[in-house]
Amino acid sequence: MTTAPASFTSLESERLILRRFTDDDLTSFLAYLNDPLVARFQSWNSYTEQQARDVIDGQKQLDPGIVGRWFTFALELKATRNLIGHIALKMLDDQQAEIGFTMSREAQGKGLAYEATTAVLDYVFATLKLHRVIAIADCENTKSVALLDRLGMRREGHFISNVWFKGRWGDEYIYAILSGEWMSSLRSRH
């Protein structure tokens, strides 16, 4: 059984610190959660201050790698020290996880989602020693689809009208990557 290292603190990439949420993140977190462009392909339309506070509070005692739970990595831009988005990781069982990402409007289109997701996948495969990671994307979310392709994830399925989403049936792609595939791509990146 895979267990997470005790007390996750942070990961670092070239431009980002991936860390736990803090109470100071509330204003920035609420701002991007309530941006209609950001929420368009997400499960929510908006968040109240209390809902956002509950998410932040709920993450304080969690570590990545707990089966059945989402751990959310807060993304802090080193240059400004501002929260610009998050990467969510849910353990599906003790060897597989699902990953998702949300970026503020201002952070989109700058390669930051790629940089952050790469850091999390490195952590997932090298530290947590997982076997497989999946991602689910709305077929109309061309930015997410492009990111998953760029990460080297394999499109394993195309589901037609499989999800009731914001008042209509939607289509989804499922992507996945195995540990060995990620570690091979990691060697080729260096």
Test ring pair (Phe, Tyr, Trp, His ring centres under 6.0 Å) applied to [X] - qualifying residues, sequence neighbours left out:
X      : value
Phe41  : none
Phe101 : none
His158 : Tyr173

How long is the span from the [atom1] atom in [X] to the [atom2] atom in [Y], to the nearest 0.5 Å?
X      : Y      : atom1 : atom2 : answer
Phe21  : Leu83  : CZ    : CG    : 5.0 Å
Leu147 : Gln108 : CG    : CD    : 11.0 Å
Asp57  : Leu26  : CG    : CG    : 9.0 Å
Ile17  : Thr9   : CD1   : OG1   : 11.0 Å
Phe8   : Leu62  : CZ    : CG    : 12.0 Å
Leu148 : Met153 : CG    : CE    : 6.0 Å

Please check this pair: side chain of [X] against backbone of [Y], looking for a donor-acceptor N/O pair closer than 3.5 Å.
X      : Y      : result
Trp182 : Ile177 : no
Asp171 : Ser161 : yes
Lys166 : Trp44  : yes

Answer yes if [X] and [Y] sit in the same cluster of Ile, Leu, Val, Met, Phe, Trp and Tyr residues linked by side chain heavy atoms under 4.5 Å apart, and no otherwise.
X      : Y      : answer
Phe165 : Phe159 : no
Ile99  : Leu178 : no
Phe71  : Leu16  : yes
Leu151 : Ile174 : no
Val38  : Ile136 : no

Quick one: list whatever passes salt bridge (Lys or Arg N to Asp or Glu O under 4.0 Å) with [X], sequence neighbours left out.
X      : answer
Asp93  : none
Arg155 : none
Arg53  : Glu49
Lys78  : Glu12

Taking all heavy atoms of [X] and all of [Y], pick out the closest pair and write down the distance.
X     : Y      : value
Leu30 : Thr48  : CD2-O, 3.6 Å
Ala52 : Tyr47  : N-CD2, 3.7 Å
Gln51 : Ser46  : OE1-O, 4.0 Å
Ser13 : Glu115 : OG-OE2, 2.6 Å

I'd like to check [X] versus [Y] (side-chain heavy atoms, cut-off strictly below 4.5 Å). Are they in contact?
X      : Y      : result
Leu77  : Leu112 : yes
Leu130 : Met91  : yes
Lys143 : Met103 : no
Val145 : Tyr175 : yes
Leu11  : Asp122 : no

Handout entry: Pairs touching residues 96-114 that satisfy salt bridge (Lys or Arg N to Asp or Glu O under 4.0 Å), sequence neighbours left out
Key = Asp35-Arg105
Problem - Pairs touching residues 16-25 that satisfy salt bridge (Lys or Arg N to Asp or Glu O under 4.0 Å), sequence neighbours left out - result: Arg19-Asp25, Arg19-Glu76, Arg20-Asp63, Asp23-Lys60
Exercise for the section: Indicate the ring-plane relationship of Phe29 and His86, choosing parallel, tilted or perpendicular according to the 30° and 60° boundaries. Expected result: perpendicular
Handout entry: side chain to side chain donor-acceptor pair (under 3.5 Å) partners of Asn34, counting only residues at least two apart
Key = none
Problem - Residue pairs involving residues 132-141 (criterion side chain to side chain donor-acceptor pair (under 3.5 Å); sequence neighbours excluded) - result: Gln96-Arg132, Arg132-Glu156, Glu140-Arg168, Asn141-Ser144
Problem - Arg69 atom CZ, over 12 foreign heavy atoms within 6.0 Å - result: no
Fill in the blank from the handout: Sequence neighbours excluded, the answer for side chain to side chain contact (heavy atoms under 4.5 Å, CB included) partners of Ala88 is Trp70, Thr72
